[in-house]
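What you see below is based on every heavy atom in this structure, not just the backbone, and it leaves out hydrogens, waters and symmetry mates. Computed from a predicted model, the values in this text were never measured in an experiment.
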Amino acid sequence: MRVGIVVFPGSNCDHDAVHAVEDVCGHQAVPLWHKEADLKAVDAVILPGGFSYGDYLRCGAIAALAPVMGEVRRFADSGGPVLGICNGFQILCESGLLPGVLLRNASLQFRCQDVLVKVENDKTRFTSKVPAQTPLRIPIAHADGNYFCDDATLEKLEANGQVVLRYVDETGAATADANPNGSRHNIAGIVSAQGNVMGLMPHPERACEAVLGSTDGLGFFRSLLG
């Protein structure tokens with residue numbers, strides 16, 4: 001499987017994504033520069049974490065206007081799978097491929113730590129090989145991870161099973177103390193209504209090998225790559 005890894009000026013997790021795809025999962029990673037107007041016949045696209053365009057204006061706002069994103073939108077509209085991690089999640093929201101927005105953390109602090117999350121919907125293209133309702137330990141590293149949407153959108157996300165990942169405590173409860181950034185309903189990741197676009201703030205690519213302290217993120221890549 002050929003997986004496009006989009007690289008923006010300021011991306012800093014693209015090599016981690018390449019490593020997860022190629023060295024851990026055994027598939028081909030294809031770097032896609034932000035000025036590309038060709039996705040090079042990839043089968044899936046990953047928007048990695050980082051600080052695209054230095055996070056100027058608003059996280060992901062400038063990246064959403066990059067030439068490559070026009071191709072990513074067309075790819076997604078045709079049913080192609082797209083995964084956005086951290087800054088990639090922000091870009092997906094800013095580009096309209098996912099609803100809502102990522103705001104500054106409620107603490108107004110950059111949070112870099114392991115968190116516990118659980119998969120609420122294991123029937124998606126991105127979670128079919130991840131244990132549902134079991135707390136997973138995956139790191140976060142963000143200042144703007146506070147997922148927000150209006151009440152009507154939130155109700156629709158919950159009703160349609162589009163809330164895929166939620167911050168929880170060790171018992172699996174979505175408590176306020178388990179929420180690292182103030183996201184509504186402890187949301188850590190969502191999927192599009194069509195099911196082929198997912199964004200999440202935790203970094204599964206940093207939890208794919210035991211040497212990293214956790215393999216709890218590996219299932220997201222195995223699900224995507226089939």
Self-check item: Any donor-acceptor pair under 3.5 Å from T215 side chain to E209 backbone
Solution: no
Quiz item: Would you say the side chains of T127 and D122 form a donor-acceptor pair under 3.5 Å?
Solution: no
Quiz item: Out of N181, N179, N186, T175, which residue meets the side chain to side chain donor-acceptor pair (under 3.5 Å) rule with Y167?
Solution: N181
Practice problem: Specify the closest pair of heavy atoms between F126 and G195, including all atoms of both residues, with the distance to one decimal. | Solution: CE1-O, 3.7 Å
Self-check item: A141 to C86 - nearest heavy-atom pair and separation
Solution: O-SG, 3.6 Å
Quiz item: Under the side-chain contact (heavy atoms from CB on, under 4.5 Å) criterion, do V6 and W33 qualify, and how do the steps go?
Solution: CA-CA 6 Å; V6 180; W33 186 231; over 6 Å; no
Self-check item: pair N146-R104: side-chain heavy atoms closer than 4.5 Å
Solution: no
Quiz prompt | Donor-acceptor contact below 3.5 Å, side chain D169 vs main chain A174 | solution = no
Exercise. Spell out, as yes or no, whether a donor-acceptor pair under 3.5 Å connects the side chain of D55 to the backbone of C59.
Key: no
Quiz item: Which of these, L39, D38, V72, sits in a side-chain contact (heavy atoms from CB on, under 4.5 Å) with L32?
Solution: L39
Practice problem: Is it possible for you to say whether V30 and F75 belong to one hydrophobic cluster, with membership spreading through side-chain heavy-atom contacts below 4.5 Å? | Solution: yes
Quiz item: Hey, mind stepping through H185 and E158 against side chain to side chain donor-acceptor pair (under 3.5 Å) and telling me if it holds?
Solution: CA-CA 9 Å; H185 284 204; E158 295 284 12; 2.8 Å; yes
Practice problem: Report yes or no: does K118 contribute a side-chain atom to a donor-acceptor pair with the main-chain N or O of G172 at less than 3.5 Å? | Solution: yes
Quiz item: Angle class for the Y53/F8 ring planes (parallel below 30°, perpendicular above 60°, tilted otherwise)?
Solution: tilted
Quiz item: Below 4.5 Å, heavy atoms only, C-beta onward: do V117 and P135 meet side chain to side chain?
Solution: no
Quiz prompt | Backbone of R137 reached by a side-chain donor or acceptor of S214 within 3.5 Å | solution = yes
Self-check item: Pairwise side-chain contact, Q90 with M201, heavy-atom cut-off 4.5 Å (strictly under)
Solution: yes
Self-check item: Point-to-point distance, once rounded to the nearest 0.5 Å, from CG of L200 to CG of L83
Solution: 6.0 Å
Quiz item: Between V164 and V115, is there a shared hydrophobic cluster once you connect ILVMFWY residues whose side-chain heavy atoms come closer than 4.5 Å?
Solution: yes
Practice problem: Answer yes or no: does atom NE2 of H15 have more than 12 heavy-atom neighbours from other residues, nucleotides or ligands under 6.0 Å? | Solution: no
Practice problem: First locate atom NE2 of H142, then atom CZ of F51, and finally report the distance between them rounded to the nearest 0.5 Å. | Solution: 11.0 Å
Quiz item: Does OH belonging to Y56 count more than 12 external heavy atoms closer than 6.0 Å?
Solution: no
Quiz item: Is there a donor-acceptor contact under 3.5 Å from the side chain of N196 to the main chain of G80?
Solution: yes
Quiz prompt | Rounded distance [0.5 Å steps], CZ in R166 versus CG in N121 | solution = 11.0 Å
Quiz item: So, the side chain of S95 versus the backbone of A64: is there a donor-acceptor pair under 3.5 Å, distance only?
Solution: no
Practice problem: Locate the shortest heavy-atom distance separating S52 from N87; write the atom from each residue and the value. | Solution: OG-OD1, 2.9 Å
Self-check item: Common cluster, I46/V7, ILVMFWY with side-chain heavy-atom separation under 4.5 Å
Solution: no
Quiz item: If two hydrophobic side chains count as joined below 4.5 Å and joins carry through other members, does I5 share a cluster with M1?
Solution: yes
Quiz item: So, E22 side chain and A29 main chain: donor-acceptor pair closer than 3.5 Å or not?
Solution: yes
Quiz prompt | Sidechain-backbone polar pair: S11 side chain, D14 backbone, donor-acceptor under 3.5 Å | solution = no
Quiz item: If you draw a 6.0 Å radius around CZ in R2, do more than 12 non-hydrogen atoms from other residues or ligands fall strictly inside?
Solution: yes
Self-check item: Residue pair L165 / P202, side-chain heavy-atom distance below 4.5 Å
Solution: yes
Practice problem: Indicate the atoms forming the closest heavy-atom contact of A76 with L97, along with that distance. | Solution: CB-CD2, 3.9 Å
Quiz item: Is any side-chain heavy atom of Q133 closer than 4.5 Å to a side-chain heavy atom of E120?
Solution: yes
Exercise. Please check if atom CD in E170 has more than 12 non-hydrogen atoms from other residues, nucleotides or ligands closer than 6.0 Å.
Key: no
Quiz item: CZ of R206 to SG of C13: how many Å apart, nearest 0.5 Å?
Solution: 4.0 Å
Quiz prompt | Minimum-distance pair of heavy atoms, taken over all atoms of C93 and G100 | solution = CB-O, 3.4 Å
Quiz item: Counting only heavy atoms not in E155, do more than 12 fall under 6.0 Å of its CD?
Solution: no
Quiz item: In Å and rounded to the nearest 0.5 Å, what is the CZ to CG distance from R58 to L103?
Solution: 10.0 Å
Practice problem: Measure the shortest side-chain to side-chain distance between E205 and V21 over non-hydrogen atoms and say whether it is less than 4.5 angstrom. | Solution: no
Practice problem: Answer yes if L57 and F89 sit in the same cluster of Ile, Leu, Val, Met, Phe, Trp and Tyr residues linked by side chain heavy atoms under 4.5 Å apart, and no otherwise. | Solution: yes
Self-check item: N160 side-chain N/O to Q162 backbone N/O, donor-acceptor pair under 3.5 Å
Solution: no
Quiz item: Is any side-chain heavy atom of L157 less than 4.5 Å from a side-chain heavy atom of P99?
Solution: yes
Self-check item: Closest contact, heavy atoms only, D16 versus N12
Solution: OD2-O, 4.3 Å
Quiz item: Would you say the side chain of V130 lies within less than 4.5 Å of the side chain of F220, judging by non-hydrogen atoms?
Solution: yes
Self-check item: Stepwise side-chain contact (heavy atoms from CB on, under 4.5 Å) check, M198 with V82
Solution: CA-CA 6 Å; M198 179 180 171; V82 179; over 6 Å; no
Exercise. Report the C-alpha distance between M69 and L47 in whole Å, list the side-chain angles of each, state the deciding distance to 0.1 Å, and finish with yes or no for side-chain contact (heavy atoms from CB on, under 4.5 Å).
Key: CA-CA 10 Å; M69 286 306 298; L47 303 179; 4.2 Å; yes
Quiz item: Going from CD1 on I91 to CD1 on I85, what distance comes out if it is rounded to the nearest 0.5 angstrom?
Solution: 11.5 Å
